[in-house]
Amino acid sequence: MRATELFMPTLREDPADAEAISHKLMVRGGFVRQFASGIYIMLPLGWRVMQRILGIIREEMTGIGANELSMPTLHTADVWQATGRYDAIGDEMFRLDDRGGRKMVLAMTHEEVFAWLASRELRSYRDLPKIWYQIQLKFRDEPRPKGGILRVREFVMKDSYSFDMDEAGLDKSYEKHIGAYDRIFERCGIEYLRVESDSGFMGGAQAHEYMAPSPAGEDRVAICTKCGYAANVELARSVAAQPAAPAASGSAPREVATPDQRTIAEVSKFLGVEPWGLIKSLLYIADEKPLLVLVRGDHELHENKLARHLKAAVRPAHPEEVLEYVGAEVGFVGPVGVAERRVRIVADETLRPEGPAGPREYAAGANKPHTHLMGVVPGRDFQAEWADLREAQAGDGCPDCGEPLAVDVVIEVGNIFKLGTKYTKPLNATVLDESGQERLIIMGSYGIGPARIAAAAVEQHADERGIVWPKAIAPFDIHLVHVQPKDELQSDVAGKLYDALKAEGWDVLWDDREERPGVKFADAELIGCPIRVTVGKKAGTGVVEVEPRGEGGREEVAVDECVAAVRRLWEAAL
RNA sequence: CGGGACGUGGCGCAGCCUGGUAGCGCACCUGCUUUGGGAGCAGGGGGCCGGCGGUUCGAAUCCGCCCGUCCCGACCA
């Protein structure tokens, strides 16, 4: 394509409201424009990248026998009411009424509609297994869109759904998706991890997320480089790294005055006790009842783990509630004596007294103003229920092999869930088995965010000049910079090269604009096509330049050898 | 939802504190020159200063409310 025919609005400066590298570069490079908060326009370059990614996805989905179809994005509320999600999901769902007053929603995801279709069309075990997928818009009224294209309110998703007779069939469909997904992310040229994840409100047994490491990400994963354990920190298990607190002495807890010492850091310093010798006591509200949550002082509570343990939504208590329920202000809360106030106590496993090291003693808040207790022994001075509540930290031991874990910041680019009958049951999606028995279909659901793949690719492959696209998903394969379009000789060479390169099957962007050379070079580096061919002043002597976008130098080649030189660079490109 | 910031030609910003009817760079249009790293000169077009209300002789500027956008946290298949 000729640049003079292409809508390619590049910007010299970073947009003021962009923070993430991918956001800045995709706006500057003329790939996307923001329409409203969390709602983006895909410009021609951005849309080409999307199509490349979708092409790879389609090939790999076809490869596992999946069928593409297209579902509505405007749903009647009834299917969502049937599965209970109409009420379970709050403001994140866009809701509207039709002219007759019927409740409608914009699709956040499509389990309901796929299960509805399955319930009407799949009748026999002979119809299974099936994998259906679509590439379709999703709408989510995110409380806080951010990171440009990373967290938005309307976005394209590839979502597929598997339908099987039994768990064994589901396992196979799940494995097929793992294979396809591994190949998709590999082919797209991004670095990724497959990690264990929380099945969240999707429900279901097993779930993994595909994560692309990037500082622009919003999730954290714990990974073990030795044995391969990898999990989202919202469920990652780990072995606390820091040493245990002192062994319990026989004496009862004693009060110490700690004027104005509220935080772990303050109390630790004031009492001369390391953070891991403290108990962090956090008052939460679950089901409108108070709940004291305990973790060791050097640990962080992960609220999802708490919520999962309780099977209830939780929120931190307000300061007034803390005062009301435990009788002390925030900073002086502790576990001793709160059970008598009918406050339930849940404590992290690390504090459990039955460990190999036996009971330990800690310092904790005394539930009295400006006072802490020392020598508090879990199990003796207070009782609690035990659960894994703490967030895995870098340096913790791997739960499987004990090696230190690393924690990476990542962008979620895909996920896979074993759903079971969570959606087929309420929508009554059944088939008859060999014996004529009605059986619920076992379902799985599998998503990929193509725009997030693009953003992750930019995050992972960019330099100070612009984007360095992996070759499989670049908007064009070759950027043909025609330095002097008015020069007839150059035009002749550029035109011939354009045809020759296209004839080899490459997509070529021919920059035939009347622009200064500097502008063209800068745009080429910003847009980031894998290979640049420059037709300039030496074209008269039959010489042009070829250059890969990443590291690697520029070389001069004869016009006749240009295609071969490009092919060599193309093979070497990521 | 809690905290913070911002809103002035298409883009990036100054002006606001100390009220007097809007400016800079880039982009855009015309002409000439220039042409291998975001050109030069000359001329030109474009802004109800986010909205509403208030104070004032007079508001981009002061006050109030609202809207929008971004960032941190919470939240989030």
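Given the structure is predicted, the values throughout are model-derived calculations rather than measurements. Chain identifiers are assigned alphabetically (A, B, ...) following the order of the sequence lines, protein sequences preceding nucleic acid strands; residue numbering begins at 1 within each chain.
- B:rC26 and B:rA42 have their P atoms separated by 12 Å, with the value rounded to a whole Å.
- Nucleotides B:rU61 and B:rC48 are separated by 16 Å at their P atoms, to the nearest Å.
- Proximity of the aromatic rings of A:Phe476 and A:Trp510 is defined here by a centroid distance below 6.0 angstrom, and this criterion is not met.
- Between A:Arg516 and the phosphate of B:rA39, there is a side-chain N or O to OP1/OP2 separation shorter than 4.0 Å.
- Taking the six-membered ring for Trp and thresholds of 30 and 60 degrees, A:Tyr446 and A:His177 have nearly parallel ring planes, at less than 30 degrees apart.
- Look at B:rG36: it lacks any Watson-Crick or wobble partner with both distances under 3.5 angstrom.
- Put simply, CG on A:Asp198 is 12 Å from C1' on B:rC76, counting in whole angstrom units.
- B:rU18 and B:rU30: their C1' atoms are spaced 43 Å apart (whole Å).
- In terms of polar N and O atoms assigned as donor or acceptor, the side chain of A:Glu515 never comes within less than 3.5 Å of the base of B:rG37 in a complementary pairing.
- Taking a pair to require two hydrogen-bonding distances under 3.5 Å in either a Watson-Crick or a G-U wobble arrangement, B:rC62 pairs with B:rG54.
- Checking the phosphate oxygens (OP1, OP2) of B:rC76, no side-chain nitrogen or oxygen of A:Lys146 falls inside 4.0 Å.
- Cation-pi contact between A:Arg95 and A:Tyr86: present, with separation from the ring centre below 6.0 Å and deviation from the ring axis of at most 45°.
- When rounded to the nearest whole Å, the span between CG of A:Asp141 and P of B:rC75 equals 18 Å.
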Atom pairs under 3.5 Å: protein N/O with N/O of nucleotides 8-16 of chain B:
residue, atom, partner, partner atom, Å
B:rG12, OP1, A:Ala16, N, 3.2
B:rG12, O2', A:Glu13, OE1, 3.1

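- Taking atom C1' in both B:rC52 and B:rG46, the straight-line distance is 26 Å, to the nearest Å.
- In this structure, A:Tyr133 has its ring center no closer than 6.0 Å to that of A:Tyr161.
- Across all strands, A:Glu545 comes closer than 4.0 Å to base atoms (heavy-atom distances).
- Both cation-pi conditions hold for A:Lys418 and A:Tyr174: the charged atom is under 6.0 angstrom from the six-membered ring centre and inside a 45 degree cone around its axis.
- Residue A:Ser37 places at least one side-chain N or O closer than 4.0 Å to OP1 or OP2 of B:rC70.
- Checked against the 6.0 Å centroid criterion, the rings of A:Phe163 and A:Trp132 qualify as a close aromatic pair.
- For the pair A:Glu514 CD and B:rC28 P, the interatomic distance rounds to 13 Å; values are reported in whole Å.
- Note on A:Gly147: only backbone sugar-phosphate atoms sit closer than 4.0 angstrom, heavy atoms only; bases stay farther off.
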Side-chain donor/acceptor pairs under 3.5 Å, residues 5-16 of chain A, sequence neighbours excluded:
residue, atom, partner, partner atom, Å
A:Thr10, OG1, A:Asp523, OD1, 3.0
A:Thr10, OG1, A:Asp523, OD2, 3.4

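- Heavy atoms of A:Arg532 sit under 4.0 angstrom from at least one base atom.
- A 3.5 Å limit on both hydrogen-bonding distances identifies B:rG31 as the Watson-Crick or G-U partner of B:rC41.
- Using a 4.0 Å heavy-atom cutoff across all strands shown, A:Arg33 reaches no nucleic acid atom at all.
- Scanning both residues, A:Ser37 and A:Pro145, for their nearest heavy atoms gives OG-CG, 3.5 Å.
- Side-chain atoms of A:Arg12 lie closest to B:rC26 of the nucleotides B:rU35, B:rC26, B:rC71.
- Of the residues near RNA chain B, A:Arg144 and A:Val519, the one whose nearest nucleotide (by heavy atom distance) lies more toward the 5' end is A:Val519.
- Pair assignment for B:rG46: none, as no Watson-Crick or G-U wobble contacts are both less than 3.5 Å.
- When each of B:rA39, B:rC71, B:rG37 is scored by its nearest atom to the side-chain atoms of A:Arg554, the top-ranked nucleotide is B:rG37.
- With respect to A:Glu545 and A:Lys538, no salt bridge is recorded, no charged nitrogen being found less than 4.0 Å from a carboxylate O.
- A 3.5 Å limit on both hydrogen-bonding distances identifies B:rG12 as the Watson-Crick or G-U partner of B:rC24.
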Could you please spell out the steps behind the salt bridge (Lys or Arg N to Asp or Glu O under 4.0 Å) verdict for A:Arg220 and A:Asp408? CA-CA 5 Å; A:Arg220 285 184 305 280; A:Asp408 262 14; over 6 Å; no
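- To the nearest angstrom, C1' of B:rA74 lies 15 Å from CG of A:Leu282.
- With B:rC76, B:rU35, B:rG73 as the choices, the nucleotide that has an atom nearest any side-chain atom of A:Arg151 turns out to be B:rC76.
- Regarding A:Arg220, its CZ atom lies at a distance of 13 Å from the C1' atom of B:rA74, rounded to whole Å.
- Residue contacts for A:Lys520: at a heavy-atom cut-off of 4.0 Å it reaches no nucleic acid atom on any strand shown.
- Contacts of A:Pro145 with the nucleic acid, taken as non-hydrogen atoms under 4.0 Å apart, involve only primed sugar atoms and P, OP1 or OP2.
- Between B:rU35 and B:rG10, the two P atoms lie 35 Å apart (nearest whole Å).
- Within 4.0 Å of A:Glu218, counting heavy atoms only, lies no atom of the nucleic acid at all.
- Taking atom C1' on both nucleotides, B:rU21 is separated from B:rU8 by 14 Å, rounded to a whole Å.
- For A:Pro143, taking side-chain heavy atoms from C-beta onward, the closest of the listed nucleotides B:rC75, B:rC70, B:rU35 is B:rC75.
- Under the Watson-Crick or G-U wobble criterion, with both distances below 3.5 Å, B:rC1 is paired with B:rG73.
- Pairing for B:rC6 is with B:rG68, a Watson-Crick or G-U wobble pair whose two hydrogen-bonding atom distances lie under 3.5 Å.
- Nucleic acid contact for A:Gln490: none, since no nucleic acid atom lies under 4.0 Å from a heavy atom of the residue.
- Counting non-hydrogen atoms under 4.0 angstrom, A:Arg153 reaches nothing in the nucleic acid.
- Only the C1' atoms considered, B:rC70 is 34 Å distant from B:rU56, to the nearest whole Å.
- Among the heavy atoms of the strands, none lies under 4.0 Å from A:Arg315.
- Rounded to the nearest Å, the gap between the C1' atom of B:rC11 and that of B:rG31 is 26 Å.
- Looking at heavy-atom distances under 4.0 Å, A:Glu303 makes contact with sugar-phosphate atoms alone, never a base.
- Screening A:Asn232, A:Val413, A:Asn415 against A:Met211 for a side chain to side chain contact (heavy atoms under 4.5 Å, CB included) leaves a single residue, A:Asn232.
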